[in-house]
K.L.:
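Mind looking over this structure? Questions follow.
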There are 2 protein chains.
Amino acid sequence: MEGIDRAEIKLTRGVPATEAFPIEEIIACSAQVLRDHGKTLLQYQPGIGFLPLREIIASQAGVTPEQVVLSNGSIQLVTFLAEVLLSPGEVAFVELPSYDRTITTLRRAGVKVVGIPLEEDGIDITFLEEAVKEHHPRLLYLIPDFQNPTGVTTSLAKREAIVSLAKEHNFMVVEDIPYRRLRYQGGDLPTLRDLDAERVIQLSSFSKLLSPGIRVGWMVAPVAIARRVTQIATDTYITPNMLGQGLAYEFLHEGKLENNIARLRRLYAPRLATMLHALSQYLPQASWINSEGGFFVGLTLPEGANSTQVAEKARKKNLVLGNSAGFFADGDGSRFIRLPFCALNEKEIEEAIKRLAFAVQAVNK
Amino acid sequence: MEGIDRAEIKLTRGVPATEAFPIEEIIACSAQVLRDHGKTLLQYQPGIGFLPLREIIASQAGVTPEQVVLSNGSIQLVTFLAEVLLSPGEVAFVELPSYDRTITTLRRAGVKVVGIPLEEDGIDITFLEEAVKEHHPRLLYLIPDFQNPTGVTTSLAKREAIVSLAKEHNFMVVEDIPYRRLRYQGGDLPTLRDLDAERVIQLSSFSKLLSPGIRVGWMVAPVAIARRVTQIATDTYITPNMLGQGLAYEFLHEGKLENNIARLRRLYAPRLATMLHALSQYLPQASWINSEGGFFVGLTLPEGANSTQVAEKARKKNLVLGNSAGFFADGDGSRFIRLPFCALNEKEIEEAIKRLAFAVQAVNK
């Protein structure tokens with residue numbers, strides 16, 4: 001514990017635990033897929049991506065392979081979707097707060113981004129109804145399972161209300177589900193695409209389930225949208241990176257991905273439990289989401305405490321906190337702190353929350 | 001020869017010979033680099049790319065690693081450069097004809113693309129001088145070695161004239177050199193960046209030297225431009241694909257890339273020789289560039305023959321030709337045909353040119 005007391009702890013980026021990467025399995029799967037599909041993986045290929053991987057994802061999603069588009073990570077698919085679905089100046093809704101990179105990406109495409117306040121069970125539906133009438137959005141982007149940055153999971157009732165409003169007011173829903181398989185307790189809810197396959201576009205990736213460095217994200221969408229996204233992808237980079245796609249395919253094909261996800265759940269579940277317990281113990285005056293999975297717990301500081309000031313105090317105790325402002329498309333995030341727990345071990349998590357509590361106390365003095 | 005006579009032959013895309021991919025070496029290098037650098041390659045990384053690979057490229061180019069940006073193929077770097085160097089409506093010059101994907105990419109960025117006629121030793125410098133005064137371009141994009149689609153190599157005198165004009169009239173030069181190392185005869189000329197490192201941005205990739213499917217392109221640029229491109233890359237995809245970069249690094253680090261390039265030269269040199277000989281034999285009435293390397297010979301049909309009509313006739317003889325129009329930013333490409341020779345063996349090349357000659361003759365009747 002002495003070592004931890006002095007060492008810097010970062011509670012900033014939502015990255016997987018490096019020690020969780022199954023390097024030897026990745027080496028074996030790379031070799032196997034290159035032996036079986038090397039001439040395909042090493043050549044230029046259609047911009048939609050590696051057919052055998054698209055076939056498995058399509059089969060799991062109950063769609064045809066032409067509805068599955070693979071890309072170099074899922075965030076670039078957000079750029080492509082912005083080009084397909086929105087013209088500059090049109091409005092997209094996101095949760096408030098939401099994933100900062102999506103907000104940045106939509107704004108770079110010239111889209112006006114409006115935040116819909118997030119409650120403990122998903123966005124505020126009454127607020128959404130009013131905002132739809134005011135802004136006539138072309139799409140709503142959300143992360144329904146273990147949301148980034150809060151950890152919130154959208155309830156079934158709200159999922160149904162969202163797709164119903166989307167149909168009524170003719171906007172598309174983009175559900176981003178990179179954390180969905182990382183559930184540490186409780187049971188799965190239907191995806192929004194399960195509720196309305198014509199109105200909902202699903203994004204996900206292997207970044208949290210296998211490795212971010214392999215850059216394999218995917219989209220499941222209606223055929224017309226998948227085709228338009230593919231054309232833009234082709235114009236952008238000709239071919240997505242095939243080695244990562246081959247590797248992901250081999251993990252799925254051999255049934256190794258399920259084992260890896262089970263292993264990650266065993267690794268991350270106690271980290272989340274430790275985080276929630278430490279918050280109860282050291283910061284009972286704050287509030288947070290009792291997330292059941294994913295990478296993050298979203299913390300709201302007690303009134304009077306400001307996250308920037310807390311971050312400054314924490315820095316002096318060698319605890320590095322992330323900047324909250326980027327998550328808030330509009331509205332006030334000054335009391336919010338995202339706590340990513342996956343890349344820290346239990347001792348580091350407990351120590352981090354002790355330091356955080358110290359910083360909050362120092363600010364409130 | 002019977003089999004070849006009937007089989008379809010494609011003279012369309014500029015892709016490497018699939019049989020040239022060193023699959024077993026790629027398997028071995030992937031395993032080695034994952035053992036040595038797996039925790040880095042599998043994690044999120046800075047948008048600029050894998051440092052060990054940037055260090056080797058920087059050392060070979062005589063620059064610092066912060067001047068080297070890696071990306072998922074080089075064409076996406078053209079998008080990033082357009083965003084950094086040009087505002088919508090501003091003018092970029094390209095060779096006439098030029099690489100069709102670059103023209104498309106610049107136009108998608110809202111840039112006005114103007115073609116500078118290409119002669120046997122590079123662009124027409126007199127035309128360039130006049131066009132500079134008329135259009136005030138922000139950049140000139142060219143492929144000085146074994147140009148796509150013509151095979152032209154820009155002479156030293158023209159290289160010097162180009163960088164001199166760039167300095168005088170304050171525009172940047174982007175030299176794309178993916179084929180430079182694939183010289184089958186003659187000697188290297190200095191790169192444009194060798195002549196003016198402040199004014200010239202160099203793009204290249206491993207697509208033609210190792211594999212396109214690994215998607216590893218790079219840029220060597222002044223530091224300020226490299227930083228701005230890196231920021232846009234990070235906002236676009238967070239991290240480029242690391243497996244491909246690790247593999248390319250291992251090939252360079254172990255000295256295997258030089259062996260592979262030597263092997264490709266031995267494979268491709270007789271294909272180019274066969275192409276040039278077959279043209280002399282079967283199409284003496286046409287004209288073409290006696291390219292010394294790369295992937296392409298650019299053919300100009302005899303007067304009166306039209307490439308679209310020739311393509312239709314060729315199709316009936318099971319020879320598929322590419323569309324020429326995309327290479328011509330402006331001006332008339334109706335007598336031009338790009339002949340990619342690398343992915344065909346010598347028998348296929350000879351048969352292809354026989355069929356092409358038949359098609360030309362049929363049109364001229």
Side-chain angles (χ1 to χ4, degrees), chain A residues 13-24 26-28 30-35 38-45 50 71-79 83 101 104-105 107-108 207 210-217 232 234-247 343, chain B residues 13-24 26-28 30-35 37-45 50 71-77 79 83 101 104-105 107-108 207 210-217 232 234-247 343:
Chain A
R13 292 189 65 194
V15 303
T18 299
E19 71 268 24
F21 297 141
I23 293 182
E24 285 302 322
I26 286 172
I27 289 171
S30 294
Q32 189 60 49
V33 80
L34 280 164
R35 290 220 164 83
K39 289 190 174 184
T40 300
L41 296 172
L42 296 170
Q43 187 56 283
Y44 286 109
Q45 293 299 332
F50 187 46
S71 183
N72 302 316
S74 60
I75 192 69
Q76 189 149 25
L77 290 165
V78 177
T79 309
E83 192 169 333
R101 290 191 185 277
T104 305
T105 297
R107 285 189 174 148
R108 282 182 69 213
S207 292
L210 182 53
S211 149
I214 66 172
R215 304 319 287 135
V216 183
I232 296 172
T234 305
D235 284 345
T236 301
Y237 46 60
I238 311 174
T239 299
N241 97 78
M242 299 301 291
L243 285 186
Q245 294 183 16
L247 178 64
Chain B
R13 292 189 64 192
V15 305
T18 300
E19 71 269 25
F21 298 141
I23 292 182
E24 285 303 323
I26 285 172
I27 290 170
S30 294
Q32 188 61 48
V33 79
L34 281 164
R35 291 220 163 83
H37 298 278
K39 290 191 175 185
T40 300
L41 296 172
L42 297 169
Q43 188 55 284
Y44 286 109
Q45 293 298 333
F50 188 46
S71 185
N72 303 317
S74 61
I75 192 68
Q76 188 148 25
L77 290 165
T79 309
E83 190 168 335
R101 291 190 186 277
T104 305
T105 298
R107 285 189 175 146
R108 282 182 69 215
S207 292
L210 182 54
S211 150
I214 66 171
R215 304 320 286 136
V216 184
I232 295 171
T234 305
D235 284 345
T236 302
Y237 46 59
I238 312 175
T239 299
N241 96 78
M242 300 301 291
L243 286 185
Q245 294 184 15
L247 178 64

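Every chain is numbered from 1, with letters handed out A, B, ... down the list of sequences.
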K.L.:
Heavy-atom distances under 4.5 Å only: say whether A:Thr234 touches chain B with side chain, backbone, both or neither.
P.N.:
both
K.L.:
Quick one: CG on A:Asn72 to OG1 on B:Thr239, what's the gap to the nearest 0.5 Å?
P.N.:
11.0 Å
K.L.:
Heavy-atom pairs under 4.5 Å with chain B are the metric here; pick the option from A:Gly73, A:Gly246, A:Gly213, A:Ser74 that has the most.
P.N.:
A:Gly213
K.L.:
Taking B:Arg35, B:Lys39, B:Glu24, B:Gln45 one by one, which has the highest count of heavy-atom pairs under 4.5 Å against chain A?
P.N.:
B:Arg35
K.L.:
Measure A:Gln245 against the heavy atoms of chain B and call it side chain, backbone, both or neither at under 4.5 Å.
P.N.:
neither
K.L.:
Is the Lys NZ or Arg CZ of A:Arg13 less than 6.0 Å from the centre of B:Tyr44's six-membered ring, within 45° of the axis?
P.N.:
yes
K.L.:
Under 3.5 Å, is there a donor-acceptor pair between the side chain of A:Arg101 and the main chain of B:Ile238?
P.N.:
no
K.L.:
Identify, with sequence neighbours excluded, every residue that meets side-chain contact (heavy atoms from CB on, under 4.5 Å) alongside A:Ala28.
P.N.:
none
K.L.:
Is it the backbone or the side chain of A:Leu247 that comes under 4.5 Å from a heavy atom of chain B, or both, or neither?
P.N.:
side chain
K.L.:
For chain B, which of A:Ser207, A:Ser211, A:Ala31 has the most heavy-atom pairs under 4.5 Å?
P.N.:
A:Ser211
K.L.:
Tell me, for A:Gln32 versus chain B, whether the close heavy atoms (under 4.5 Å) come from the side chain, the backbone, both or neither.
P.N.:
neither
K.L.:
Between chain A and each of B:Ile214, B:Asp235, B:Leu41, count heavy-atom pairs under 4.5 Å; write down the option with the most.
P.N.:
B:Asp235
K.L.:
Using a cut-off of under 4.5 Å on heavy-atom pairs, state which of A:Pro16, A:Gly217, A:Ser71, A:Pro240 scores highest against chain B.
P.N.:
A:Pro16
K.L.:
Can you name the side-chain contact (heavy atoms from CB on, under 4.5 Å) partners of B:Thr79, sequence neighbours left out?
P.N.:
B:Thr105
K.L.:
Which answer fits A:Thr236, side chain, backbone, both or neither, if we ask what part of it has an atom under 4.5 Å from a heavy atom of chain B?
P.N.:
both
K.L.:
First locate atom CZ of B:Phe21, then atom CD of A:Gln43, and finally report the distance between them rounded to the nearest 0.5 Å.
P.N.:
4.0 Å
